[in-house]
Amino acid sequence: MMLQKAHITEQQLKTAQAQVEMTASELEKSRDLSRVIVHVDMDAFYAAVEMRDCPDLKDKPMAVGSMSMLSTSNYHARKYGVRAAMPGFIAKKLCPHLVIVPCNFDKYKSVSNEIREIFADYDPQFQPVSLDEAYLDFTEHLELRISWPEASRTHRYSSWKQPEHQQESEAKEGFSPVLFEDSPSSSQSLSNSQTADATGKTTEVFGTSVEEAVREMRFRIEQKTMLTASAGIAPNMMLAKVCSDKNKPNGQYRLASNREAVMDFIQNLPVRKVYCILVQKNHKWSSVHPFKMRTCNCVATRFRFSVLFLCAGFRHREGERKDAECSRHQTFKELNRPDEQLSLCRELCEDLAQDLKKEDLKVLLV
DNA sequence: ATACATACC
DNA sequence: TACTGGTATGTAT
Ligand SMILES: Nc1ncnc2c1ncn2[C@H]1C[C@H](O)[C@@H](COP(=O)(O)OP(=O)(O)OP(=O)(O)O)O1
Ligand SMILES: [Mg+2]
Ligand SMILES: [Mg+2]
Ligand SMILES: [Mg+2]
């Protein structure tokens, strides 16, 4: 691809530029900022369920799975680098005190059913992605909600969790304070706008804005399951998904529905976050990886150049699979013998790989 | 149509 | 000692 790049002519660049402008204006016409999309995702899902059901685990680094493979870890364990898809015995080396508890899929499935009941109240057509997350279109809910009486926006604390006692001296906004009415970000506590009930804070009132509606949904999830969720609010699913990660755990983030805000948000995002195809080394559109374009802005400013490579992707074959029954790890070992790896690296980075030794491989492949 | 490669939870 | 399994999508042949 570097060789091809050297032979690009002015004429080719001009043609590419024209293509880009056509595509861009077509796409701009179809930009839709009218929907309010929410992506909700439970925090450290399997691990959180296990911690809820075994309070001894609360303050310990823990993970769910086995010595062979972990499905996820709690946030405490993540500080040590313990992650999903990591073998338990390796995780133990990173974090010797790690507690590993086995999976209980039935429990995760039933919690999933509980949260889906709540999702359906906001969007009956919600799209589940996995047991712990879903996309919701809040547009219609919000249109109705705007004229809802306060009673319909009031929710009870479950007996297991009353709100924290608040300082009397702390000035309160008064009745039904509406939080985040127009603030772009927040990871505020869910329990700071309780009504000043004479009998004592057993309910919570939520406003009519998107932020309030989403905060309400997360509040209901927490009261019902004793588990927390995070959420992203944006004009489309991709952006909502990226937003839901931003204030995780137990937070939410809204990206405003205007072109400028979206452009600004996208600018410095790692490409990896939005369009993984571009960094798949074997994908036919894989023009980003070889040329080290890491951020979206980089792709955008060099788009004219990128377009020339859209159809010029490369592939390499990793060899034939010999034993369909073996584990993923075994397969990897079979297909990537050191000598195969060496020749592959030499092929892929000619100039770098002349003096390549086997010890270098590990680093390169990582 | 099928095998294969890769992504994501 | 130990390196997943379920589901979806895209590519090459
Ligand atoms: N690689 C994997 N293999 C098997 N199960 C997985 C894997 N990754 C995730 N899971 C399971 C366990 C997770 O708790 C659940 C939800 O995934 P995900 O939302 O990505 O992470 P998480 O909920 O554990 O943490 P968080 O969302 O807070 O980052 O799916
Ligand atoms: Mg997630
Ligand atoms: Mg999650
Ligand atoms: Mg998830």
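Letters A, B, ... are given to chains in the order of the sequence lines, protein chains preceding strands, and every chain is numbered from 1.
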Self-check item: Whole-Å P distance, B/dC8 and C/dC3
Solution: 24 Å

Quiz item: Nearest-Å distance, CZ (A/Phe105) to P (C/dT7)?
Solution: 12 Å

Quiz item: So what does A/Leu131 hit on the nucleic acid, given a heavy-atom distance under 4.0 Å: a base, only sugar-phosphate, or nothing?
Solution: nothing

Practice problem: Answer whether the closest heavy-atom distance between the side chains of A/Met217 and A/Phe138 falls below 4.5 Å. | Solution: yes

Quiz item: If you check every side-chain atom of A/Ala85, which of C/dC3, B/dC9, C/dT4 has the closest atom?
Solution: C/dT4

Quiz item: Do A/Lys224 and A/Glu117 meet the salt-bridge criterion of a basic N to acidic O distance under 4.0 Å?
Solution: yes

Exercise. Looking only at non-hydrogen atoms, find the nearest pair between A/Cys243 and A/Leu255 and report the distance.
Key: SG-CB, 3.8 Å

Quiz item: Over how many whole Å does the gap from A/Ile100 atom CD1 to C/dA2 atom C1' extend?
Solution: 10 Å

Exercise. Determine the minimum heavy-atom distance between A/Cys103 and A/Ser71, stating which atoms define it.
Key: SG-OG, 3.8 Å

Exercise. Give the nucleotide from the list B/dC9, C/dT4, C/dA2 with an atom nearest to the side chain of A/Met69.
Key: C/dT4

Practice problem: Counting heavy atoms from C-beta on, name the nucleotide in B/dC9, C/dC3, C/dA2 closest to the side chain of A/Pro87. | Solution: C/dC3

Exercise. Mind calculating the distance between CG (A/Leu94) and C1' (C/dC3) to the nearest angstrom?
Key: 14 Å

Quiz item: Is A/Lys241 near enough to B/dC9 that one of its side-chain N or O atoms lies under 4.0 angstrom from OP1 or OP2?
Solution: yes

